[in-house]
Amino acid sequence: MNSPVNEEVQALMEAAHDRAAKALDLTCTGPLAWGFLGVTLGRRAEGRWLRVSRTAKRNAGRKAGEGIVGASELVPDGVPRPHLYAVHDWTDGEWAFESEVLDYLTQPIVSPDRADIDHDPGLPDEWWADLRQALALLAGAEGVKATVRDGWIERAFPQFLGIPAPAKVERVTGHGDLHWGNLTAAPLCLLDWERWGRVPFGYDAGLLHANSLLVPDVAARIRKEFAPTLDTPAGRIGELAALAEMLQAVARGWYPDLAPHLVARAEALTGMSPPVPVHSEVSA
């Protein structure tokens with residue numbers, strides 16, 4: 001989805017991927033697939049997919065019920081996602097590395113190079129029905145991690161939306177990173193389960209909607225498909241949480257094309273102009 005930041009990161013991650021492949025007795029072929037800022041690297045491994053990620057050594061160790069391993073244990077089989085076959089983790093110097101062997105998917109990712117979209121991908125009605133069903137099944141699963149934490153919401157609503165934080169946030173189990181870079185075209189498959197957990201009701205649909213605002217027809221389709229969620233007080237809070245997160249990214253220099261649409265959507269929901277200047281580099 002992205003290229004590594006520099007040659008040092010590239011060499012580090014390619015060596016880590018080679019190490020994981022050797023440990024798991026896999027032969028990798030085909031092009032390298034880089035994740036955000038070179039934090040992840042994936043490649044076809046025979047009939048599977050080998051994905052390697054890195055984090056600071058102090059964060060080493062998978063937490064029970066979280067991430068892709070937790071999803072493989074707790075998320076219903078009816079939620080379409082790559083099957084997990086094996087993991088291999090290690091630490092080296094200042095880094096901790098995690099690797100997973102997953103299904104190799106033949107259907108394309110809807111937006112392989114960015115989280116948002118700038119054109120209508122033309123997804124069939126069956127795809128939208130499958131997405132609704134997947135999120136409904138997921139909502140009832142046991143979730144361990146609190147994604148989009150209450151403490152962040154308390155700070156982010158005033159800072160990025162210009163409104164007080166809600167007194168109560170209704171939560172369900174959700175994907176936590178539902179954007180177009182994490183969805184395949186038909187047949188539907190949900191990718192990247194690092195953030196899944198207990199999310200604000202409406203957050204997943206709200207985040208996908210926010211990443212669709214450059215294409216009004218697709219945004220309108222999401223509002224229609226998920227009206228029973230988004231057109232409720234709790235769902236509105238979830239969508240606002242997604243918008244606050246996106247506006248935080250805008251404040252850090254991301255999404256320059258999408259930024260004015262995010263501002264307009266937030267203002268339409270709250271009646272307040274978000275206080276964070278578009279293109280601001282200020283960190284939250």
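Residue numbers count from 1 along this sequence.
- Nearest heavy-atom pair, Trp95 versus Thr55, reported as atom, atom and distance to 0.1 Å: CE3-O, 3.3 Å.
- For the pair Glu14/Leu41, a side-chain contact is recorded, criterion being any heavy-atom separation below 4.5 Å from C-beta on.
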Requested in this report: Run the numbers on Phe226 and His209 for side-chain contact (heavy atoms from CB on, under 4.5 Å), then give the verdict.
Outcome: CA-CA 10 Å; Phe226 294 99; His209 181 264; over 6 Å; no
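- Between Arg265 and Leu213, the shortest heavy-atom contact is CB-CD1, 4.0 Å.
- Screening Asp192, Leu138, Leu190 for a side-chain contact (heavy atoms from CB on, under 4.5 Å) with Leu178, the sole residue that qualifies is Leu190.
- Between Leu161 and Met272, every side-chain heavy-atom pair lies at or beyond the 4.5 Å cut-off.
- Panel note: side chain Ser99, backbone His88; a donor-acceptor pair is recorded below 3.5 Å.
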Report task. Report the C-alpha separation of Ile237 and Phe201 in whole Å, then their side-chain angles, then the decisive distance to 0.1 Å, and conclude whether the side-chain contact (heavy atoms from CB on, under 4.5 Å) test is met. Result -> CA-CA 8 Å; Ile237 288 172; Phe201 180 76; over 6 Å; no
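- The backbone N or O of Gly67 lies less than 3.5 Å from a partner atom in the side chain of Trp196, making a donor-acceptor pair.
- Proximity of a side-chain donor or acceptor of Ser111 to a complementary backbone N or O of Ile117 within less than 3.5 Å is not detected.
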Query - Glu73 and Arg62: CA distance, side-chain angles, deciding distance, salt bridge (charged side-chain N to carboxylate O under 4.0 Å, His left out) verdict - result: CA-CA 13 Å; Glu73 298 167 345; Arg62 299 178 190 259; over 6 Å; no
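- Surrounding CG of Asp77 are at most 12 heavy atoms belonging to other residues, nucleotides or ligands under 6.0 Å away.
- To the nearest 0.5 Å, the span separating CZ on Phe157 from CD1 on Ile163 amounts to 5.5 Å.
- For the residue pair Val148 and Pro200, the shortest heavy atom distance occurs at CB-CD, 3.9 Å.
- Note on Arg54 versus Asp92: no salt bridge recorded, every NZ/NE/NH1/NH2 to OD/OE distance being 4.0 Å or above.
- Pairing each heavy atom of Asp118 with each of Arg114, the nearest pair is OD2-NH1, 3.1 Å.
- Under the 4.5 Å side-chain heavy-atom criterion for ILVMFWY residues, no single connected hydrophobic cluster contains both Ile109 and Leu188.
- The hydrophobic cluster containing Leu105 does not contain Leu131, counting ILVMFWY residues as joined when their side-chain heavy atoms lie under 4.5 angstrom apart, directly or transitively.
- In this structure, Trp90 and Phe97 have parallel ring planes: the angle between them is below the 30° cut-off, well short of the 60° mark.
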Requested in this report: Give the intermediate values and the outcome of side-chain contact (heavy atoms from CB on, under 4.5 Å) for residues Trp193 and His175.
Outcome: CA-CA 7 Å; Trp193 287 82; His175 181 270; 3.9 Å; yes
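- Nearest heavy atom pair, residue Glu239 against residue Leu230, reads OE1-CD2, 4.0 Å.
- Atom CZ of Arg171 and atom CZ of Arg198 lie 8.5 Å apart (nearest 0.5 Å).
- Checking side-chain atoms of Arg58 against main-chain N and O of Ala60 turns up no donor-acceptor pair under 3.5 Å.
- Hydrophobic clustering keeps Trp127 apart from Leu191 (ILVMFWY residues linked when any side-chain heavy atoms are closer than 4.5 Å, directly or through intermediates).
- Asp257 has its side chain out of reach of Asp116: every pair of non-hydrogen atoms, C-beta onward, lies at least 4.5 Å apart.
- At a threshold of 4.5 Å between non-hydrogen side-chain atoms, the residues Val101 and Leu24 count as touching.
- Side-chain N or O atoms of Arg43 include one that pairs as donor or acceptor with a backbone N or O of Gly30 at under 3.5 Å.
- Under the 4.5 Å side-chain contact rule for hydrophobic residues, Trp254 and Leu243 share a cluster.
- Distance check, rounded to the nearest 0.5 Å: CH2 of Trp180 to CG of Leu207 gives 11.0 Å.
- No donor-acceptor distance shorter than 3.5 angstrom exists from the side chain of Asp103 to the backbone of Arg48, with no hydrogens or angles considered.
- For Arg149, the CZ atom sits in a loose shell: 12 or fewer heavy atoms of surrounding residues, nucleotides or ligands are nearer than 6.0 Å.
- Asp125 and Arg221 are joined by a salt bridge, as a carboxylate oxygen and a charged side-chain nitrogen come within less than 4.0 angstrom of each other.
- Judged by distance alone, with hydrogens and angles left aside, the side-chain atoms of His179 form no donor-acceptor pair with the main-chain N or O of Ser212 at under 3.5 Å.
- Using a cut-off of 4.0 Å between Lys/Arg side-chain N and Asp/Glu carboxylate O, Arg51 and Glu194 are scored as salt-bridged.
- To the nearest 0.5 Å, atoms CD1 (Ile222) and NZ (Lys224) are separated by 13.0 Å.
- Looking only at side-chain heavy atoms (C-beta outward), Met246 and Asn211 come within less than 4.5 Å of each other.
- Going from atom OG1 of Thr29 over to atom CZ of Arg44 covers 6.0 Å, rounded to the nearest 0.5 Å.
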Query raised in the report: Checking side-chain contact (heavy atoms from CB on, under 4.5 Å) for the pair Leu26/Glu46: CA distance, chi angles, key distance, verdict?
Result: CA-CA 7 Å; Leu26 293 171; Glu46 301 164 21; 4.3 Å; yes
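- Between Asp130 and Pro187, the closest side-chain pair of non-hydrogen atoms is not below 4.5 Å.
- Interatomic distance, Phe160 CZ to Leu262 CG, rounded to the nearest 0.5 Å: 12.5 Å.
- Taking each heavy atom of Cys28 and Leu50 in turn, the nearest pair found is SG-CD2, 4.0 Å.
- Contact check for Val218 versus Pro121: side-chain heavy atoms found under the 4.5 Å cut-off.
- Listed for the Asn182 side chain is a donor-acceptor partner under 3.5 Å among the backbone atoms of Asp177.
- Under the 4.5 Å side-chain heavy-atom criterion for grouping Ile, Leu, Val, Met, Phe, Trp and Tyr, Val263 is connected to Leu214 within one hydrophobic cluster.
- Side-chain atoms of Thr229 never come within 3.5 Å of backbone atoms of Gly235 as a donor-acceptor pair (strictly under, hydrogens ignored).
- With hydrogens and angles ignored, the 3.5 Å screen pairs no side-chain donor or acceptor of Thr91 with any backbone N or O of Lys57.
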